[in-house]
Amino acid sequence: MGFHRIDSSAWERAEHFAHYRRSVPCAYSVTVSLRITRLLPLLREGGYKFFPTLVYLLAREVNAHREFRLALDGEGQVGYYDEMVPSYTVFHEDSETFSNLWTPYSPQFSTFYRAMQEDLAEYGENKAFYAKPDGPKNQFPISCTPWTGFTAFHIHVFENQDYLFPIFTIGRYEEQNAEIRLPLAVQIHHAAADGFHTGRLFRKLQELCDQPEQFLP
């Protein structure tokens, strides 16, 4: 888990970062309708579950772009992690509560998928808020609301204005005009990334959903 400080004097984003962290601290939310028409049947055919696959895809794209790996170290200096780890929620129907788990990231889909399945088997019934212990600092959150479709979603976390990691929320997928669509929302600190960066992440996710042979075994 390497962390690298950024030299602000040579950082092309230094002014933007300072402006949106101190002068006008703000986050923004974007919700897209992700087309999974081709992806979903291929996963069913291969015996893969949808949620672990989507966690992998989100982790893959977060790790592909430095702006989604920004953080502040213990001295308040901005930098970036070599790698980010996905943290995801598991719902408990009997108690109507959820727990957080995390799985180390691997760029290889089959490796990550197997590791997440093992974590779910070992910790999925643990009702503690942090069901899997020793969560690393370089984890970003993914939550899922499979009971509800939405066209917009917002989480307000600005009690902590220095939280720079993206926050993803997945809704219920539905068939729309012969296509299967999934609502996917992200909240991101404006100091870390602009609309361009978030748009690029969503475009790449859509490409992977349209061409799953890029990652499926």
Side-chain angles (χ1 to χ4, degrees), residues 27-70 83-91 101-117 119-120 139-155 165-188 190 192-217:
Y28 62 89
S29 298
V30 180
T31 301
V32 296
S33 177
L34 201 63
R35 183 175 59 252
I36 58 171
T37 312
R38 186 158 186 265
L39 174 64
L40 201 58
L42 286 179
L43 293 179
R44 290 169 176 167
E45 182 181 314
Y48 297 109
K49 295 181 179 180
F50 179 69
F51 183 58
T53 301
L54 194 57
V55 170
Y56 165 78
L57 292 178
L58 291 171
R60 174 172 167 150
E61 288 312 302
V62 165
N63 278 293
H65 304 288
R66 191 176 77 171
E67 59 268 14
F68 297 115
R69 292 182 276 124
L70 294 183
E83 186 175 271
M84 294 290 288
V85 171
S87 168
Y88 49 90
T89 55
V90 175
F91 183 70
L101 277 70
W102 59 275
T103 297
Y105 173 67
S106 170
Q108 188 73 29
F109 170 72
S110 57
T111 302
F112 176 82
Y113 186 91
R114 182 170 56 253
M116 182 169 167
Q117 291 295 92
D119 283 334
L120 287 168
Q139 59 180 308
F140 70 98
I142 302 170
S143 61
C144 185
T145 62
W147 319 274
T148 308
F150 53 79
T151 56
F153 195 96
H154 177 70
I155 298 174
F165 296 153
I167 302 172
F168 293 96
T169 305
I170 304 164
R172 181 183 64 196
Y173 61 76
E174 298 176 335
E175 186 170 336
Q176 301 175 8
N177 301 320
E179 291 187 335
I180 304 174
R181 293 278 182 170
L182 176 80
L184 175 63
V186 63
Q187 177 169 295
I188 184 71
H190 207 337
D194 301 325
F196 165 81
H197 306 100
T198 301
R200 178 172 59 190
L201 179 142
F202 282 133
R203 287 195 302 274
K204 183 58 180 178
L205 284 171
Q206 186 61 73
E207 177 187 320
L208 291 168
C209 289
D210 288 340
Q211 302 174 25
E213 60 273 9
Q214 294 187 50
F215 67 91
L216 285 178

Under 3.5 Å, side chain of [X] to main-chain N/O of [Y], donor-acceptor pair present?
{"X": "T37", "Y": "I180", "answer": "yes"}
{"X": "H65", "Y": "V62", "answer": "no"}
{"X": "T31", "Y": "F153", "answer": "yes"}

Side-chain H-bond candidate by donor/acceptor type, T103 with Y88, under 3.5 Å: yes

T198 and Y28: side chain donor to acceptor below 3.5 Å: yes

Residue pair V186, I167: steps toward the side-chain contact (heavy atoms from CB on, under 4.5 Å) verdict: CA-CA 5 Å; V186 63; I167 302 172; 6.0 Å; no

Parallel, tilted or perpendicular, as decided by the 30° and 60° cut-offs, for the rings of F109 and Y113: tilted

Mutual orientation of the aromatic rings belonging to F215 and Y56 [parallel < 30°, tilted 30-60°, perpendicular > 60°]: tilted

F140 and W102: CA distance, side-chain angles, deciding distance, ring pair (Phe, Tyr, Trp, His ring centres under 6.0 Å) verdict: CA-CA 9 Å; F140 70 98; W102 59 275; over 10 Å; no

Between [atom1] of [X] and [atom2] of [Y], what distance do you get to the nearest 0.5 Å?
{"X": "L54", "Y": "L184", "atom1": "CG", "atom2": "CG", "answer": "6.5 Å"}
{"X": "R203", "Y": "E61", "atom1": "CZ", "atom2": "CD", "answer": "11.0 Å"}
{"X": "E213", "Y": "L39", "atom1": "CD", "atom2": "CG", "answer": "10.5 Å"}
{"X": "D119", "Y": "L101", "atom1": "CG", "atom2": "CG", "answer": "6.5 Å"}
{"X": "Q211", "Y": "L216", "atom1": "CD", "atom2": "CG", "answer": "12.0 Å"}
{"X": "E175", "Y": "L40", "atom1": "CD", "atom2": "CG", "answer": "10.5 Å"}

side-chain contact (heavy atoms from CB on, under 4.5 Å) between V32 and L182, intermediate numbers included: CA-CA 8 Å; V32 296; L182 176 80; over 6 Å; no

Salt bridge (Lys or Arg N to Asp or Glu O under 4.0 Å) partners of R181, counting only residues at least two apart: E179

Qualifying residues under salt bridge (Lys or Arg N to Asp or Glu O under 4.0 Å), relative to R200, sequence neighbours excluded: E67

Taking only distance into account, with no hydrogens and no angle test, what donor-acceptor pairs under 3.5 Å do side-chain atoms of residues 44-51 form with protein atoms, sequence neighbours excluded?
residue : atom : partner : partner atom : Å
R44     : NH2  : Y173    : OH           : 3.4

Work out which heavy atom in [X] is nearest to a heavy atom in [Y]; give both atom names and the distance.
{"X": "Q176", "Y": "S33", "value": "OE1-OG, 4.5 Å"}
{"X": "L57", "Y": "C209", "value": "CD1-SG, 4.3 Å"}
{"X": "S87", "Y": "Q139", "value": "CB-OE1, 3.1 Å"}
{"X": "I188", "Y": "F68", "value": "CD1-CD2, 4.0 Å"}
{"X": "S106", "Y": "F112", "value": "O-CB, 3.8 Å"}
{"X": "Q214", "Y": "L208", "value": "OE1-CD2, 3.7 Å"}

Verdict with supporting geometry, Q108 and R114, side-chain contact (heavy atoms from CB on, under 4.5 Å): CA-CA 10 Å; Q108 188 73 29; R114 182 170 56 253; over 6 Å; no

Y105 and V55: CA distance, side-chain angles, deciding distance, side-chain contact (heavy atoms from CB on, under 4.5 Å) verdict: CA-CA 10 Å; Y105 173 67; V55 170; over 6 Å; no

